[in-house]
Amino acid sequence: MLVSPWCWSTSPSLLDFSLTTPLAETLPNHSWWFFSIRWEEEKTDDGVKWKQLEHKGPYFAPLYEPLPDDVKFYYDGKSMKLNVATEEIATFYAKMLDHEYTTKEIFQNNFFHDWRKEMTSEERKKIKHLEKCDFKEMHKYFVDKNEARKALPKEEKQKLKEEADKIQEEYGYCILDGHREKIGNFKTEPPGLFRGRGDHPKMGMLKKRIMPEDVIINCSKDSKTPEPPSGHKWKEVRCDNTVTWLASWTENIQNSIKYIMLNPSSKLKGEKDWQKYEVARRLKGVVSKIRSQYRADWKSREMKKRQRSVALYFIDKLALRAGNEKEEGETADTVGCCSLRVEHIKLHPELDGQEHVVEFDFLGKDSIRYYNKVPVEKPVFKNLQLFMESKDPGDDLFDRLNTTVLNKHLQDLMDGLTAKVFRTYNASITLQEQLKALTNAEDNVAAKLLSYNRANRAVAILCNHQRATPKSFEKSMQNLQAKIDAKKEQLAEAQMELKRAKADLKAKKDVKSKAGRDRGHATDKEENKQIALGTSKLNYLDPRISVAWCKKFGVPIEKIYNKTQREKFAWAIDMADEDFEF
DNA sequence: GGCTCGACTTGGAATGAGTACG
DNA sequence: CGTACTCATTCCAAGTCGAGCC
């Protein structure tokens, strides 16, 4: 039986977990849960048991409120009163008027097409061209409304906050296996215009309002079924404890299922997270064998094996994603390793004094560009030339390979091994190594944190976690530089004074340390310009590495993880001591 | 095998709240 | 005391991967 590292919040100190405990095949099946808005505590020998009394299901987006009469829509210069349903969709577009989306033709066309579908036949007869639609008054109405809300007096804001808290309290929790757990997303998504990323062919399409009739409720048999909002019915109520979702619905853009699930702080999610890192740690034990194996396969007689081994090399060395096939025309054209096309790489026998350089240039997940020039081993280079022979730019680089084939192979190499485990493994091991290399035990906490951020950043760069340079970046950077200059000046002055009077020594020190802090801050900020650290921290770095590092170097964990992150990583904070090794 | 679907993780942007600063 | 900036939270899109079907 698996010993869970995680403890319920009511008894966090009960933990008694050996780090070497092997993972059982599966985590224990959770039993039942309930949506819950009221509950009572019941004392038992194990502590507090939550008993659910009443439950509500998901929180639905508020209904549309028609615009005041004086906010007008104009078609071809003439004001026109729209039917409520038509007006609602118009407001979705009006709200986005100063967003780049509305300048894109695909967005405009998709929106207009879907909008016209929902119009009355009279409206449809009149409204034939988007360019003739004037949403400016509507747009202004929402901008003003927003500003009015921001300018609300303190008490009013407080009131709004309390209302939100009440909703969170009523809808935001469920009972799972007798414990109260926070739900991640307890609200259905509101209607609006689909905002696909990159060149998404469906951007601007109408995302329909989710009704109770669309929603499947999943709760235990012996629980009271949540009441649908009055006058409505659920699509279905089912009792399936082999899955972890509490409710679901099918969205109309891609026809995919959306789920309501638990918050990362929950025991269920925490155990899964832990399990993920344990798989990655097992990879650590066999990775050198796997590497020699794929190196050997570079020379295989089978084309399929050669492709597989080169792809695996990329996944391992560059932390590329697996790269599933995608349905053409349904989504933006993005690729991962297995779906790379000839046009995405360039081969340079020699470049900038290096041999066998592969230049990658492709759009990955979320249409984030991956651009990298990498020297590779000679057999890899030769193989790539072979794979590209007599192919067109649009052809698959690995025509004999897909993620299913690759993952089947990986499964044979190690139980539970898939392509994404390499990303987790390489990210975590890199953090551990970088921390070892960069941390100075004699440094103060601020300097240690700078080292931590640098280690974190090395991982983010490996995983290509980018972000748009914040708009305010340049300006705020200049301000920081000005501050540093000012401090330097002060420092110089202080030094002059020192010569005159020893008494000024203390003041000088204060200024000097402050200047140092700002310099650290600026360095950190500059280095971080386009790199997002959050994703790797949240999804790829075994939190026990960070916990151990904090303990070892006397850095408070709060400096690394904020409140939410500490909740998510509660299992690791409980589990890891300073000797933890990934 | 190929294809679709379901369930779950991963991801950057938008939004909101908090805080430092002038 | 407002405002500008930072950091946290929310949002929901976009991946991964296995199962089940034919």
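These numbers come from a predicted model, not from an experiment. Labels below follow one simple rule: chain letters A, B, ... track the order of the sequence lines, proteins then strands, and each chain is numbered from 1. Just the heavy atoms: all of them, side chains too, but no hydrogens, waters or symmetry mates, feed the values below.
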Between C:dT9 and A:Thr564, is there an OP1 or OP2 to side-chain N/O distance shorter than 4.0 Å? yes
If you look at every strand shown and take non-hydrogen atoms under 4.0 Å, does A:Thr403 touch a base, only sugar-phosphate, or nothing? nothing
May I ask you to decide if the ring planes of A:Phe135 and A:Trp115 are parallel, tilted or perpendicular, using 30° and 60° as cut-offs? tilted
Can you check the A:Tyr101 OH to B:dG12 C1' distance for me, whole Å? 11 Å
Check whether any side-chain N or O of A:Asn324 sits under 4.0 Å from OP1 or OP2 of C:dG15, and answer yes or no. no
Heavy atoms under 4.0 Å, any strand shown: does A:Lys202 hit a base, just sugar-phosphate, or nothing? nothing
What does A:Lys563 touch in the nucleic acid at a heavy-atom separation under 4.0 angstrom: a base, only the sugar-phosphate, or nothing? nothing
Are OP1 or OP2 of B:dG11 and a side-chain N or O of A:Arg321 less than 4.0 angstrom apart? yes
Footprint string (nucleotides 1-8 of chain B, 5' to 3'): B base within contact, S backbone only, - free, heavy atoms under 4.0 Å: -----SBB
Taking for A:Gln565 and for A:Glu251 the nucleotide of DNA chain C with the nearest heavy atom, the one nearer the 5' end belongs to A:Gln565
State whether A:Lys276 places a side-chain N or O below 4.0 Å from either non-bridging phosphate oxygen (OP1 or OP2) of B:dT10. yes
Between C:dC7 atom C1' and A:Asn453 atom CG, what is the distance in whole Å? 13 Å
When all nucleic acid strands are considered with a 4.0 Å heavy-atom cut-off, which category describes A:Gly323: base, sugar-phosphate, or nothing? sugar-phosphate
Side chain of A:Arg467 - closest among C:dA14, B:dA13, B:dT10: B:dA13
Nearest-angstrom distance from the residue atom CG of A:Leu533 to C1' of B:dG12: 13 Å
May I ask you to say whether A:Lys563 pairs ionically with A:Glu567, meaning some side-chain N is under 4.0 Å from a carboxylate O? yes
Reading DNA chain B from 5' onward, which residue's closest nucleotide shows up sooner: A:Lys365 or A:Asn146? A:Lys365
Which whole-number value in Å describes the distance from A:Ile368 CD1 to C:dA13 P? 16 Å
Approximate separation, where rounding is to 0.5 Å, of A:Asn185 CG and A:Met261 CE: 8.0 Å
Would you say A:Asn263's side chain and A:Ser265's backbone share a donor-acceptor pair under 3.5 angstrom? yes
Can you tell me if A:Arg195 touches the phosphate of C:dC11, counting only side-chain N or O atoms and a distance under 4.0 Å to OP1 or OP2? no
Starting at the 5' end of DNA chain C, which residue's closest nucleotide do you reach first, A:Gly184 or A:Gly196? A:Gly184
In residues 407-427 of chain A, which ones come under 4.0 Å of DNA chain B, going by heavy atoms? A:Lys420, A:Arg423
Let me see the working for A:Asp214 and A:Lys235 under side chain to side chain contact (heavy atoms under 4.5 Å, CB included), right down to the final yes or no. CA-CA 5 Å; A:Asp214 302 314; A:Lys235 178 178 182 184; 5.6 Å; no
Between OH of A:Tyr171 and P of C:dT10 the distance, given in whole Å, is 18 Å
Is it true that A:Asp144 and A:Lys140 make a salt bridge, defined as a side-chain N closer than 4.0 Å to a carboxylate O? yes
Does NZ or CZ of A:Lys95 fall inside the cone over A:Phe142's six-membered ring, less than 6.0 Å from its centre and within 45° of the axis? yes
Compare the minimum distances between each of B:dT10, B:dG12, C:dC11 and the side chain of A:Lys187, then state the nucleotide with the smallest one. C:dC11
With side-chain hydrogen bond (donor to acceptor under 3.5 Å, both in side chains) as the criterion, how do A:Tyr540 and A:Arg423 come out once you've worked through the C-alpha distance, each side chain's angles and the decisive distance to 0.1 Å? CA-CA 7 Å; A:Tyr540 288 105; A:Arg423 244 167 110 79; 2.9 Å; yes
Contacts of A:Lys448 meeting salt bridge (Lys or Arg N to Asp or Glu O under 4.0 Å) (sequence neighbours excluded), chain-then-number -> none
If we check side-chain hydrogen bond (donor to acceptor under 3.5 Å, both in side chains) with A:Thr334, which of these qualifies: A:Arg197, A:Arg321, A:Lys326, A:Lys365? A:Lys326
Is there a side-chain contact between A:Gln254 and the phosphate of C:dA14, meaning an N or O under 4.0 Å from OP1 or OP2? yes
Side-chain N or O of A:His99 less than 4.0 angstrom from OP1 or OP2 on B:dA13? no
Do any side-chain nitrogens or oxygens of A:Lys161 fall under 4.0 Å of OP1 or OP2 in B:dG16? no
Rounded to whole angstrom units, what separation is found between the CG atom of A:Asp165 and the P atom of B:dG16? 15 Å
Please determine whether a side-chain nitrogen of the Lys or Arg among A:Glu170 and A:Lys166 lies less than 4.0 Å from a carboxylate oxygen of the Asp or Glu. yes
A:Lys326 side chain near C:dA14 phosphate (N/O to OP1/OP2, under 4.0 Å): no
Side-chain N or O of A:His465 closer than 4.0 Å to phosphate OP1/OP2 of B:dT10: no
Report which part of the nucleic acid A:Leu538 touches: base, sugar-phosphate, or nothing (heavy-atom distance under 4.0 Å, all strands). nothing
Nearest whole Å is fine: how far is C:dC11 P from A:Asp366 CG? 18 Å
So does A:Lys202 pair up with A:Glu251, basic N to acidic O under 4.0 Å? no
Taking atom C1' of C:dC17 as reference, at what distance in whole Å does atom CD of A:Gln275 sit? 14 Å
How would you label the contact of A:Pro190 with the nucleic acid (heavy atoms, under 4.0 Å): base, sugar-phosphate, or nothing? sugar-phosphate
